[in-house]
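These notes are about the structure you will find just below.
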Amino acid sequence: MRLPSPTSGEASRLMDSLRIRDTFFSYFEGVAHRRVPSASLIPSGDATLLFTNAGMVPFKDAFLGSEAPPSSRCVSIQRCVRAGGKHNDLDRVGFTRRHHTFFEMMGNFSFGDYFKKEAISFAWEFLTKRVGLSPEVLWVTVYTEDDEAEALWKSVTSIHPSRIVRLGEKDNFWQMGNTGPCGPCSEILVDQGPAFSCGRPTCAVGCDCDRYLEIWNLVFMQYDRNEAGILLPLPRPSIDTGMGLERLSSVLQGVESNFETDLFMPLMEKIGSLSRTPYGKGKGEKDFAYRVIADHIRASYFLIWEGLVPSNEGRGYVLRRFIRRAVQFGLDLALPNPFLPALGEKFVEMMRGPYPELLGGRDRVAAILAEEEERFIRTLEYGLPLVREAMAESRRRGSMTLSGESLFWLYDTHGIPVDVVLDWVRPEGFSLDLEGFEARMGEQKEQGRRSWVGQKSSFPVSASLLTRPVTFVGYDRLDAEGEILVLVHGANSVEKVSEGEEVEVVSGVSPFYPEGGGQVGDRGVITGPTGEISVESVYRPYPGWISHRGRVRTGTLSIGEPVRLSVDPSWRRGARIHHTATHLLHAALRKVLGDHVRQAGSLVLPDRLRFDFTHGEPLTPLQIERIETLVNDWIATGEAVRISEKSRQEALAGGALAFFGEKYGDRVRVVEVPGMSVELCGGTHVRELSEIGLLYVLSESGVAAGTRRIEALAGSAAYGQGKKWREELSAIRGFLRAPGGRILDRLESDEKARETLEQELRATKSHLFEVETAGMLGESFQAGDIRILVAAVDCRDGRDLRLRMDILKSRIPSGIIILAGRTEGQVLLLGWASQDLEKRFPVNSWIRKMAAALGGKGGGRPTWAEGGGVPPSSWPVFLDTVRAEIREEAMRTLVGS
RNA sequence: GGGGGGUUAGCUCAGUUGGGAGAGCGUCAGGAUCGCACCCUGAAGGUCAGGGGUUCAAAUCCCCUACCCUCCA
């Protein structure tokens, strides 16, 4: 029940999400906005961000001013993933009406173009005129100090003044980080009626409950916060807005939760048909499971489609958690495994309208989903016995509660979620110490956090210090003239650096390639009027920056000085050879193995390369051979490498491989070897393939499930390796005296000969020991009722001694045997007592005593003991002494018993 | 990036204060059978992941490396 009805126009009563998208785009295009396609979920060049989590993320550099926006007015519907953080704990997803890991954010943006007035009026007009929301249900909030915004709401819209509420910094002030652009914001809310209220008397706008639903946030970026925390006015204030497509859909479709919109219902129905129980639309006992699964398949599908694979770290790990959580909740609904591929197929069907490109790669995504699902099921199967063992252990302690420690162990070490454990142990009457578990979990998190902040070294200079980005000239030149703009020593920005110091240098121009795209940063030297720095690594501390890290070799350098920057040509040469070789390798892999192969990471160094790619199984030697041959055939053509800048659409249409998509950027750099490989790439490359020379694949191995790794050498590194192999081979030939080949035959026959010899040696030894020990039996004597043998033999190692012992003890069914093995400079002692003498005559104490007499140690069990020491001055004396003592002891125990 | 667990026969895994490397399945041979499966007897098969250290003695304890599983960031 909802009063009053939020929508006023009949036409919009049943607005499906597709129409909402169209209406949104066409409205803003109508007011001169440029439509920008959704950027990748995986942010490019931003290590601080796990996923694109808001509509403004692709525009971050544009807001910071380090990059030009596609237009001063833009509109987008950006796909987003949130997987943690204060407002979106993964655990809450599925248990509320509105939390998602994957969602789409509709937004309009102004980069120094229009400001508050237009932003407010566009939003109002869109909501009330285009999608027909009734002004009666709308509320707005403004920042407590923002008089301007409140006045504008009153003057440019028809909202009732009593529906404008002022809120504080927590709700209505937005900032990107601790420094940088920020500003007040203004939110538009829909009053869903008292039925949605938490019922508390204090319930009003700002309350956490569902009654006042925030649907659109308008951010007025008008300040730049500097390091001191002071707000300085931005010269060109900007607008960033965000409205969740899922929320707006739920309002416009008159349903109670996002999960009942057309963005979810087909998935809910599919889950319902698989589990044979329909979704209860919020009233079913297990509805939460439907919601979790539907939500997670959306996020997982998109992430995999964008080239991510489940793994045990970083983004891949978040993806793994999505998939595993979905599978886990699938258990609650008794869904038959694997069920994720079928849901994925349904999702593509739903989303093919707005995202036609999703149709490509369907098989690959389905395969990855299925594999991860099966993998988790295996983990659970493996875990069941462990849980049983934990229960048994608890029972032994007389407790029917599994301890927090063992719950943590099951989860942390073996990946078995607590909920799953609970399901298994509840029927047995067990409960769980959840508090103990949470406590251990907290420690773990704290530890992770500490190690994280501990190693994070932040660049000590603000990103806004540079008014324009550093010009990279390294594609064409290896030398450049520049001026020192920033110097860093230790954790501080400094004016001057001198000999021996570790420093970082930023200059306005640089030919140094900064580490990125898998390619290592350049090395070289920076020379000033009075000093020189050797550059050891180069990276981008912020987008658009290039920082050179190294050590001052001679003299001093100061801010403002002119410098000459020179890249080490042989370093760069090795890097570009290996980089182009990587592209060829990638293309060859796809050709030989299939189009499911995608780059999953790469490392390009001057003297080797490493390439990770998606492929389900190990490569056969034949496949590796074919790939290597193909690449070398390509190299031999000597084809020219073409590098060009194109529009993204044009590049993709030309078949370019693009992974981990860029941002909205229209201009992309395309590296093409005609007929062989086309990739979007910012790295440095050879001009002609002949420069590569040759390529050797060194190894192929697995890095994670579904990901393989190839390591290879190209150019002079490959030649050097070939030379090394040749030298080794000739050394082996010389050693084996097998010149001219047939080394394998030679090894084989040698191996056979060795085996024969070993067998013969074994036979001879056992014969020898038979004879030898037969003689030794004569040395044995009877002491009371015990048969005793103490003897010394020459032997090579303990193994020989044991062989003799085995023979001897089979001849003496009851008794004591002590053998002293004389080896080079050492004595090994071995003692045996038959089972019946275990208590009465434990041989380990004798071995210990003898070893001590020989200046060594020993020990063991009563029936079998070993020890060692240095040889006695006289063997006969030593042995006789031992015999006498043992005899005496034997007689005494006889009397005693 | 930081933890936890693992790596022993072809496979699945035991191996308890450090003291003789094991089981089941599989393989092979023999027996039994018209034949097959079952069954009986026996055998082969191991750099205990690799390297270093401690020790008289290391699968076992310590350190390093590689790989696999898993958690946290």
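Given the structure is predicted, the values throughout are model-derived calculations rather than measurements.
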Review point. Can you check whether S403(A)'s main-chain N or O pairs, donor with acceptor, with D433(A)'s side chain at less than 3.5 Å?
Key: no

Practice item. Can you tell me, in whole Å, how much space there is between the P of A21(B) and that of U27(B)? Key: 29 Å

**Study point:** Length of the CG-P vector between L829(A) and U55(B), whole Å
**Key:** 18 Å

Revision key, fill the gap. Scanning all shown strands, the Watson-Crick or wobble mate of G1(B) with both distances under 3.5 Å is C72(B)

Review point. Is any side-chain N or O of R440(A) closer than 4.0 Å to OP1 or OP2 of C71(B)?
Key: no

Check your understanding: Does E373(A) reach the main-chain N or O of I323(A) with its side chain, forming a donor-acceptor pair under 3.5 Å?
Key -> no

Review point. How do G859(A) and G867(A) order along RNA chain B: which one's closest nucleotide is nearer the 5' end?
Key: G859(A)

Check your understanding: How long is the line joining CG of L386(A) and P of G6(B), in whole Å?
Key -> 12 Å

**Study point:** Rounded distance (Å) that lies between atom C1' of G6(B) and atom CG of D412(A)
**Key:** 14 Å

Point to revise | Interatomic distance at C1', U41(B) relative to U55(B), whole Å | key: 43 Å

Check your understanding: Once you round it to whole Å, what is the distance between C1' of C71(B) and CG of L407(A)?
Key -> 14 Å

Review point. When you measure from the side chain of Q826(A), which nucleotide among C56(B), G5(B), C71(B) comes out closest?
Key: C56(B)

Review point. Taking the side chain of R375(A) as its heavy atoms from C-beta onward, which of C69(B), G5(B), C71(B) lies nearest to it?
Key: C69(B)

Check your understanding: Roughly how far apart, to the nearest Å, are A58(B) and G50(B) at atom C1'?
Key -> 16 Å

Check your understanding: Looking at the side chain of E866(A), which of G4(B), G19(B), A21(B) is the nearest nucleotide?
Key -> G19(B)

Check your understanding: Would you say the side-chain atoms of R822(A) pair up with the backbone N or O of P871(A), donor to acceptor, closer than 3.5 Å?
Key -> no

Review point. Choosing from G4(B), U70(B), C71(B), which nucleotide comes nearest the side chain of Q444(A)?
Key: C71(B)

Check your understanding: Within the structure shown, what part of the strands sits under 4.0 Å from M805(A) by heavy-atom distance: base, sugar-phosphate, or nothing?
Key -> nothing

**Study point:** Distance, rounded to the nearest Å, where I416(A) contributes CD1 and G4(B) contributes P
**Key:** 18 Å

**Study point:** Mutual orientation of the aromatic rings belonging to Y411(A) and F437(A) [parallel < 30°, tilted 30-60°, perpendicular > 60°]
**Key:** perpendicular

Practice item. Write down the distance separating the C1' atoms in G52(B) and U47(B), rounded off to the nearest Å. Key: 16 Å

**Study point:** Separation of U70(B) C1' from F408(A) CZ (nearest whole Å)
**Key:** 11 Å

Review point. Considering only the C1' atoms, how many Å lie between A44(B) and A9(B), rounded to the nearest integer?
Key: 11 Å

Exercise for review: Write down the partner of G46(B) under the Watson-Crick or G-U wobble criteria, each distance required to be under 3.5 Å.
Suggested key: none

Practice item. On the 0 to 90° scale, with breaks at 30° and 60°, tag the W846(A)-F841(A) ring pair as parallel, tilted or perpendicular. Key: parallel

Check your understanding: Paired with C61(B) by Watson-Crick or G-U wobble geometry, both distances under 3.5 Å: which nucleotide is it?
Key -> G53(B)

Point to revise | Closest listed nucleotide, where the reference is the side chain of T379(A) and the choices are G5(B), U70(B), G3(B) | key: U70(B)

**Study point:** side-chain N/O R321(A) vs A73(B) OP1/OP2, d < 4.0 Å
**Key:** yes

**Study point:** Rounded interatomic separation in angstrom, taking NZ from K849(A) and C1' from C56(B)
**Key:** 18 Å

Check your understanding: G5(B), U70(B), G19(B): which one has an atom nearest the side-chain heavy atoms of R861(A)?
Key -> G19(B)

Check your understanding: What is the pairing partner of C25(B), taking Watson-Crick or G-U wobble pairs with both distances under 3.5 Å in any strand?
Key -> G10(B)

Practice item. With P as the reference atom in both, quote the distance from C63(B) to G4(B) in angstrom, rounded to an integer. Key: 10 Å

Exercise for review: In whole angstrom, give the distance that lies between atom CD of E443(A) and atom C1' of G2(B).
Suggested key: 14 Å

Point to revise | Side-chain H-bond candidate by donor/acceptor type, D295(A) with T101(A), under 3.5 Å | key: yes

Practice item. Between G53(B) and C28(B), how far apart are the C1' atoms? Round to whole Å, please. Key: 42 Å

Review point. With both distances under 3.5 Å as the test, what is the Watson-Crick or G-U wobble partner of C39(B)?
Key: G31(B)

Review point. Any ion pair linking R549(A) and E504(A) (charged N to carboxylate O, less than 4.0 Å)?
Key: yes

Check your understanding: Across the strands shown, which category fits R324(A) at heavy-atom distances under 4.0 angstrom: base, sugar-phosphate, nothing?
Key -> sugar-phosphate

**Study point:** Side-chain donor or acceptor of Q721(A) paired with backbone N/O of L713(A) under 3.5 Å
**Key:** no

Check your understanding: Looking for any heavy atom pair under 4.0 Å, which part of the strands does G869(A) touch: base, sugar-phosphate only, or nothing?
Key -> nothing

Review point. Is G415(A) touching bases, backbone alone, or none of the nucleic acid, heavy atoms closer than 4.0 Å?
Key: sugar-phosphate

Review point. Which value, in whole Å, describes the distance between the P atoms of nucleotides G15(B) and A23(B)?
Key: 15 Å

